[in-house]
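Written out below as structure tokens is the structure these notes cover.
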There are 2 protein chains.
Amino acid sequence: MSRDSYDEQLDRLTGVLAAMSRDASAAIRGASAALLGVDRGAADAVIAADPVLDQRRAEVEAMIPQVLVRHQPVASDLRLVVCALRIAGALERMGDLAVHVAKVVLMRYPVGVVPEPAVPVMTEMADAAARIADKTAVVLATRDRLAAMQLGLDDDEVDAAQERLLSQLVAGWPYGVESAIDLALVGRYYERYADQAVNVARQVVYLTTGTIRL
Amino acid sequence: MSRDSYDEQLDRLTGVLAAMSRDASAAIRGASAALLGVDRGAADAVIAADPVLDQRRAEVEAMIPQVLVRHQPVASDLRLVVCALRIAGALERMGDLAVHVAKVVLMRYPVGVVPEPAVPVMTEMADAAARIADKTAVVLATRDRLAAMQLGLDDDEVDAAQERLLSQLVAGWPYGVESAIDLALVGRYYERYADQAVNVARQVVYLTTGTIRL
């Protein structure tokens with residue numbers, strides 16, 4: 001196999017990861033729309049779209065042997081493989097977490113999951129997660145280290161919002177224990193979504209520089 | 001490089017995964033002891049031990065290029081690589097989830113996280129998670145498909161226990177919203193721990209049979 005067609009295969013791999021990143025971004029935006037707009041259709045759409053992410057992860061995993069088996073790999077190729085697998089795993093998981101949010105919405109529908117006093121903090125969390133998702137796509141496309149570092153700041157914002165949400169819930173939440181648990185778990189899903197986005201960025205930086213600290 | 005020394009490298013890889021599995025098992029047992037015994041020392045020990053799992057995952061990831069780069073891999077070798085990376089990732093995550101449980105214990109210490117009425121369901125969850133952890137180690141060592149399938153049953157038990165816990169919390173929990181949120185999140189950590197153990201088993205079966213259904 002010529003080096004050219006090997007490079008073509010790597011381009012295809014990168015293309016699938018970029019598509020996964022767009023899907024993961026659409027998933028969290030849809031989940032947030034469902035959550036904050038009490039929108040059943042949006043929740044259904046997030047759940048219906050998720051198998052594509054699962055299938056693309058499987059595609060990435062199936063491509064790896066194809067890429068390498070007809071090619072004597074060098075160390076940097078193999079680093080790419082390790083990173084591509086971690087990235088695909090993280091992006092698939094981001095889709096799963098958006099699905100978890102959508103399912104909480106459906107479980108309570110037509111009652112909304114986010115009572116008025118929690119709307120600001122949940123909106124902040126949703127916006128930060130959407131920003132993170134977009135930046136993840138940029139980092140994947142550009143391998144830009146600075147963009148990867150900024151992503152860490154958005155992650156801190158999600159973590160801080162989750163802390164504020166939990167403080168609000170334990171400081172005399174008037175909507176009952178079920179509502180408090182729903183919100184705590186939904187906050188946890190956003191927190192994990194952001195963590196996984198940071199994982200993706202970290203792998204991209206590792207791929208570019210060989211060091212993993214952000 | 002001779003085939004023999006390649007096999008030696010694979011043995012070393014399998015050995016590291018087995019060690020990770022033992023560590024992940026010790027972590028959840030320690031976390032459960034901390035949780036149910038309100039044992040600060042047990043919680044500290046779980047947190048102190050976790051970097052070993054992180055380091056072993058990094059070791060696995062570093063071994064992959066070493067295993068392959070001096071060897072023309074065939075398709076089944078590369079399948080092993082994909083599986084080994086997923087297994088290492090899942091086992092590291094199991095350790096993280098045990099750490100999350102331990103941190104909740106420390107956050108509330110000396111107050112216990114599990115009030116009397118929740119002790120039975122949390123004990124059941126802890127026992128099922130410990131069984132899953134042990135079976136995961138067996139599956140890794142023996143690649144036994146039947147053991148892998150039984151692991152799915154323990155996972156169902158953890159999920160069912162989490163459902164019962166949540167029902168109990170929303171049916172008039174007298175210990176306050178903070179306690180309910182702590183328990184809902186701790187239950188979620190056990191649920192994810194069990195999911196990851198199932199992931200490990202699934203990868204082992206995939207490795208053995210080439211099909212991933214359990």
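Just so you know, these numbers come straight off a predicted model, no measurement behind them. The sequence lines fix the lettering, A, B, ..., with proteins before strands; numbering per chain opens at 1.
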Subject >> More than 12 heavy atoms from other groups under 6.0 Å of CZ on Arg12(A) >> reply: no
Subject >> For chain B, which residues of residues 172-196 of chain A have heavy atoms nearer than 4.5 angstrom >> reply: Val177(A), Glu178(A), Ala180(A), Ile181(A), Ala184(A), Leu185(A), Arg188(A), Tyr189(A), Arg192(A)
Original post:
Which residues in residues 112-128 of chain A have a heavy atom less than 4.5 Å from any heavy atom of chain B?
Top reply: none
Original post:
Should we count CZ of Arg143(A) as having more than 12 external heavy atoms under 6.0 Å?
Top reply: no
Subject >> Which atoms of Leu85(B) approach chain A - backbone, side chain, both or neither, heavy atom under 4.5 Å >> reply: side chain
